[in-house]
Amino acid sequence: MTLPQPPFGSAGEHQLQQQLGTADRAARFYDQQVRPHLTAEMQEFIGRQAMVFLATADSHGECDASFRAGPPGFVHVIDDRTLAYPEFRGNGVLASAGNVIENPHLGMLFVDFTHHHVGLHVNGVAHLYRDQDLRGIHPGLPTDTVPGRSPELWVHLTVEEAYIHCSKYIPHLVPAPRPTGRDAARPQDSDYFTKPRTAHW
């Protein structure tokens, strides 16, 4: 007898759950923790976050992990099934956005390291929009997400699943003020991992 496919999770994770005997625990997690939309608490949590980790892959499944940051709420909650965040001028590579063109599946991980020590996974389907085009659809988008900078693109995410990341091993971090002057000991970004450096033992 073939059991029905659980509403969440990949075929691979369900296969491993059967092999390792965790299917019952996983079923409880899916039932109790995973939602096909953002709850009011999740929406409020996202509105407080100043950073998010991104997971994308191209059409061949080659993965890329990236990071975005901005003022709290720079990831804008449009409604319980829709998020949007701005893409600003950067190094010109556009790795994450380029992957979205090939493969629209996007994973987002918000982590609160300083207060509640909890994470939130949000997975869904993403599309890229020019600023004026998305504003035509959603006129309530914030107009000054990062002061002095205008988005080149917006990433619009239709939420498919959202769930809490266990807080047990999330470290506590204390925010420090950002240095105001140039730190002479720090190399340029372009040299940080590529320029040969003298080893000190």
Should [X] and [Y] count as side-chain neighbours, where that means a heavy-atom distance under 4.5 Å?
X	Y	value
Leu83	Ile78	no
Leu16	Glu13	no
Arg81	Pro36	yes
Arg135	Thr143	yes
Asp58	Asn103	no
Val52	Val122	no
Val155	Leu128	yes
Trp154	Leu141	yes

[atom1] ([X]) with more than 12 external heavy atoms under 6.0 Å:
X	atom1	answer
Tyr169	OH	no
Arg25	CZ	no
Arg130	CZ	no

### Query
Should the ring pair Phe8 and Tyr30 be called parallel, tilted or perpendicular, given that the plane angle runs from 0 to 90° and is split at 30 and 60?
tilted
#### Entry: Aromatic plane relationship, Phe53 with Phe113 - under 30° parallel, 30 to 60° tilted, over 60° perpendicular
perpendicular
Contact summary for [X] and [Y], nearest pair of heavy atoms:
X	Y	result
Glu152	Arg89	OE2-CB, 3.8 Å
Met51	Phe74	N-CE2, 3.7 Å
Ser96	Leu54	OG-CD1, 4.4 Å
Ala95	Asp64	CB-OD2, 4.1 Å
His76	Gly140	NE2-O, 3.8 Å
Ile164	Gln33	CB-OE1, 4.2 Å

Quick check: is [Y] connected to [X] through a chain of hydrophobic side chains (ILVMFWY, heavy atoms under 4.5 Å apart)?
X	Y	answer
Ile101	Leu94	no
Val34	Leu157	no
Val111	Phe45	no
Phe29	Leu120	no
Phe67	Met108	no

### Message
Nearest 0.5 Å, please: how far is CE in Met42 from OH in Tyr163?
### Response
10.5 Å
#### Entry: Gap between atom NE2 of His127 and atom CG of Leu106 - 0.5 Å precision
11.5 Å
#### Entry: His156 ring center near His138 ring center (under 6.0 Å)
yes
### Query
Between the side chains of Glu161 and Asn123, does any donor sit under 3.5 Å from an acceptor?
yes
### Message
According to side chain to side chain donor-acceptor pair (under 3.5 Å), does anything in residues 108-117 pair up with another residue at least two apart or in another chain? List the pairs.
### Response
Asp112-Thr114, His117-His172
### Query
Checking side-chain contact (heavy atoms from CB on, under 4.5 Å) for the pair Gln17/Thr22: CA distance, chi angles, key distance, verdict?
CA-CA 5 Å; Gln17 291 160 13; Thr22 66; 3.4 Å; yes
